[in-house]
Amino acid sequence: MATVSPRLIRQLPRSVVVTNGAVAAIIAMVVLFAGHPGWWSAFAGALVVAAVNAVLSLWIILHSAGKPADHVVTMVMLLAGVRTGISVVGLLLAIKVFSLTPNATAVMICGFYAATLVVESTLVHRALKGDPTPTQTLQGNQG
């Protein structure tokens, strides 16, 4: 059974950190130019949620290196659910506990979420694309 390249999976931490840094810079520029001082606390809350998401999702996907492709696909689906749960819980905590601006916080969290999803999905797709028989691998032992 084909496996996912550990080299591509190990690129994820750097890629996610760089992507989240770029998103943070873009959001910070928007907050700066928008002139809404209350959005800085929303930005800080979104950064915390993004950091927790990145750490947990990277931990899940890094354990897929060298594993069969169907395992990796399962892990990618799992981490999408984990990231969604963390984002929703983080947003609710930010709004209810810390009284952050709801709309600004939600948009910022969504920006980090989408960027991380794109990077992880792209690298996992590249890892699976190198598989000579992905259809047979993904079907598993169905007979």
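Keep in mind that the numbers below use all heavy atoms, side chains included, and drop hydrogens, waters and symmetry copies. Positions are given from 1 along the sequence.
Once rounded to the nearest 0.5 Å, the distance linking CD of Gln11 with OG1 of Thr122 reads 11.5 Å.
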Working for side chain to side chain contact (heavy atoms under 4.5 Å, CB included), residues Ile86 and Leu56:
CA-CA 9 Å; Ile86 292 170; Leu56 286 179; 3.2 Å; yes
Yes or no on side chain to side chain contact (heavy atoms under 4.5 Å, CB included) for Met108 and Val31, after CA distance, side-chain angles and deciding distance?
CA-CA 10 Å; Met108 292 177 200; Val31 172; 3.7 Å; yes
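By the 4.5 Å heavy-atom criterion applied to side chains, Thr105 and Leu91 are counted as neighbours.
One hydrophobic cluster, built from ILVMFWY side chains closer than 4.5 Å, holds both Val16 and Val82. Cluster annotation: Leu47 and Ile27 are assigned to the same hydrophobic cluster (Ile/Leu/Val/Met/Phe/Trp/Tyr, side-chain heavy-atom contacts under 4.5 Å, transitive). In the hydrophobic clustering of this structure, Val119 groups with Met75; members are Ile, Leu, Val, Met, Phe, Trp, Tyr whose side-chain heavy atoms approach within less than 4.5 Å, directly or through other members.
Taking Thr116 as the reference, Asn20 meet the side chain to side chain donor-acceptor pair (under 3.5 Å) condition, with sequence neighbours excluded. Legend: residues meeting side chain to side chain donor-acceptor pair (under 3.5 Å) with Thr101, ordered by chain and number and at least two apart, are absent.
Identified under the salt bridge (charged side-chain N to carboxylate O under 4.0 Å, His left out) test for residues 25-41, with sequence neighbours left out: none. Residue pairs that meet the ring pair (Phe, Tyr, Trp, His ring centres under 6.0 Å) test with at least one member in residues 19-45, sequence neighbours left out, are His36-Trp39, Trp40-Phe43. Within the structure, salt bridge (charged side-chain N to carboxylate O under 4.0 Å, His left out) contacts touching residues 73-84 (residues at least two apart or in different chains) are Arg83-Glu120. Among residues at least two apart or in separate chains, there is no ring pair (Phe, Tyr, Trp, His ring centres under 6.0 Å) pair with a member in residues 81-116.
Nearest heavy-atom pair, Leu100 versus Gly45, reported as atom, atom and distance to 0.1 Å: CD1-CA, 4.1 Å.
If you run side chain to side chain contact (heavy atoms under 4.5 Å, CB included) between Ser87 and each of Val52, Leu92, Ile109, only Ile109 comes through.
With hydrogens and angles ignored, the 3.5 Å screen pairs a side-chain donor or acceptor of Ser41 with a backbone N or O of Gly38.
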